[in-house]
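This structure is a prediction, so every number in the text was calculated from the model and none was measured.
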Amino acid sequence: MAKKSMSEKRAEREQAENQVLRRVFNVFLLGLAAEVYLFVVYRSVTGSIESMLMCYQTVLPILTWLGLAMLVGGAAVGYVKRADRKLLVPMAWTACTGLFLGLSGLIMTTFSNDHRGVTTMCVLVPILAVLGLVYLLYQHECFLCTISLSGALFAVWTMGSAANSMSWRVPVTVGLVVAAALLAVFAALTHKAQQSEGKLGKVRLFPVECDYRVIYGVLAVAFVCVLAAMVLPSFAYYLMWALGIALFAELVLYTTKLM
């Protein structure tokens, strides 16, 4: 097999970099579009009584059912026509758009007291967009640490926001229990990958030179903060600061490794 020339290798590298940049741009545009949609909803529910009732009782339920129909239809057609690449891609986009409309509409209508559902979605979407960018631009271990700290930060914020609401506090507490369980699962999977030099089965998760101490330290901080928020919701503000500082330090650390 002939070796590739330097120009061919350079062309392949540039093609790969351009593909990553296109994906980054798409994630940014999707996050921006979703946030604009949520901003319009927020303006509607915080406006007059008439606009709030119309949004909660008519517009959002319609969009929720429309989203569910798009999800089911897009997934079904995409599965049946999965061999047709030209049809599979738009059906995947249809299903993903339907998932967002259905799930966000369900959350916003279910938790309509004090517009907590809308506020939660407005905070959650930028977090997910940033996590998508981190996944595309950074190392896998950085993505794991970032998603763990970001998830813990979001969970602590929701717990502090729901401290004085009995109807909202119960599902939030359940969510924190799930978050703590997921952090424990992440730690177990990381340990299993460490025993196999960064591989989980046949899939490589981390490079051979990965520093697992950082991952375990991040997971421990996130786990402790989530448990502390459940026990002492009044300390949520200080826990958020601790998680924010840890998140900033972790991103700086992995950014320097890219240089």
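Every residue two or more places apart in sequence or in another chain was checked for a ring pair (Phe, Tyr, Trp, His ring centres under 6.0 Å) with Y42, and none qualifies. Residues passing the side-chain hydrogen bond (donor to acceptor under 3.5 Å, both in side chains) test with S196, sequence neighbours excluded: none. Every residue was checked against the side-chain hydrogen bond (donor to acceptor under 3.5 Å, both in side chains) condition with T97, not counting sequence neighbours, and none meets it. Remark: F143 engages Y135 in a ring pair (Phe, Tyr, Trp, His ring centres under 6.0 Å) (not counting sequence neighbours).
Screening residues 56-67 for side-chain hydrogen bond (donor to acceptor under 3.5 Å, both in side chains), with sequence neighbours left out, gives Y56-H115.
When the side chains of ILVMFWY residues are joined at heavy-atom separations under 4.5 Å, either directly or via intervening members, L128 and L106 end up in two distinct hydrophobic clusters. Residues L144 and F248 do not share a hydrophobic cluster, defined by chaining ILVMFWY side chains whose heavy atoms lie under 4.5 Å apart. Each of V36 and F100 belongs to its own hydrophobic cluster when Ile, Leu, Val, Met, Phe, Trp and Tyr are linked at side-chain heavy-atom distances under 4.5 angstrom. Using a 4.5 Å cut-off between side-chain heavy atoms of Ile, Leu, Val, Met, Phe, Trp and Tyr, with links allowed through other members, V172 and V177 fall into the same hydrophobic cluster. M240 and I147 fall within the same hydrophobic cluster, defined by Ile, Leu, Val, Met, Phe, Trp and Tyr side-chain heavy atoms under 4.5 Å apart, directly or through other members.
Side-chain contact between E50 and M54 is absent, with no heavy atoms from C-beta onward closer than 4.5 Å. Counting heavy atoms from C-beta on, the side chains of V125 and Y37 never come closer than 4.5 Å. Side-chain contact between F25 and L30 is absent, with no heavy-atom pair separated by less than 4.5 Å. Y254 has its side chain out of reach of T146: every pair of non-hydrogen atoms, C-beta onward, lies at least 4.5 Å apart. Here the side chains of L227 and F223 are in contact, with some heavy-atom distance below 4.5 Å. A heavy-atom distance below 4.5 Å is found between the side chains of Y216 and T190. The side-chain heavy atoms of L38 and V118, taken from C-beta on, include no pair separated by under 4.5 Å. Side-chain contact between S44 and V59 is absent, with no heavy-atom pair separated by less than 4.5 Å.
A222 and L149 get closest at one heavy-atom pair: CB-CD2, 4.3 Å. When every heavy atom of M230 is checked against every heavy atom of L176, the shortest pair comes out as CG-CD2, 3.3 Å. Of all the heavy atoms in E141 and C210, the pair that sits closest is CB-SG, 4.2 Å. The two residues S150 and L131 come nearest to each other via the heavy atoms OG-CD2, 3.9 Å. Residues A95 and A75 approach most closely at CB-N, 3.9 Å, considering heavy atoms. Considering every non-hydrogen atom in both S104 and M121, the closest pair reads CB-CE, 3.6 Å.
S51 and S48 are linked by a side-chain donor-acceptor pair at a separation below 3.5 angstrom, with hydrogens and angles left out of the test.
The distance from atom CG of L101 to atom CG of L60, rounded to the nearest 0.5 Å, is 10.0 Å. Note that CD of Q139 and CG of L205 are 14.0 Å apart. Values are rounded to the nearest 0.5 Å. The line from CD1 of I215 to CG of L189 is 11.5 Å long, rounded to the nearest 0.5 Å. Residue W157 holds its CH2 atom at 4.5 Å from OG1 of T120, rounded to the nearest 0.5 Å. Rounded to the nearest 0.5 Å, atoms OG (S148) and CG (L243) are 11.0 Å apart. If you take CG on L103 and CE on M108, they are separated by 9.5 Å, rounding to the nearest 0.5 Å.
Note: Y237 and W241 have perpendicular aromatic rings, judged against thresholds of 30 and 60 degrees for the angle between ring planes.
Between the side chain of H140 and the backbone N or O of F206 there is no donor-acceptor pair closer than 3.5 Å. Of the possible donor and acceptor atoms, one in the side chain of T256 sits under 3.5 Å from a partner among the backbone N and O of L253.
The environment of OH in Y212 is crowded: more than 12 heavy-atom neighbours from other residues, nucleotides or ligands sit within 6.0 Å. Within a 6.0 Å sphere centred on CZ of R43, heavy atoms belonging to other residues, nucleotides or ligands number 12 at most.
Other residues sharing the hydrophobic cluster of L71, ordered by chain and number and joined by side-chain separations under 4.5 Å: L99.
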What's the verdict on side-chain contact (heavy atoms from CB on, under 4.5 Å) for K257 and D211, showing C-alpha distance, side-chain angles and the deciding distance? CA-CA 11 Å; K257 289 186 177 182; D211 189 351; 4.2 Å; yes
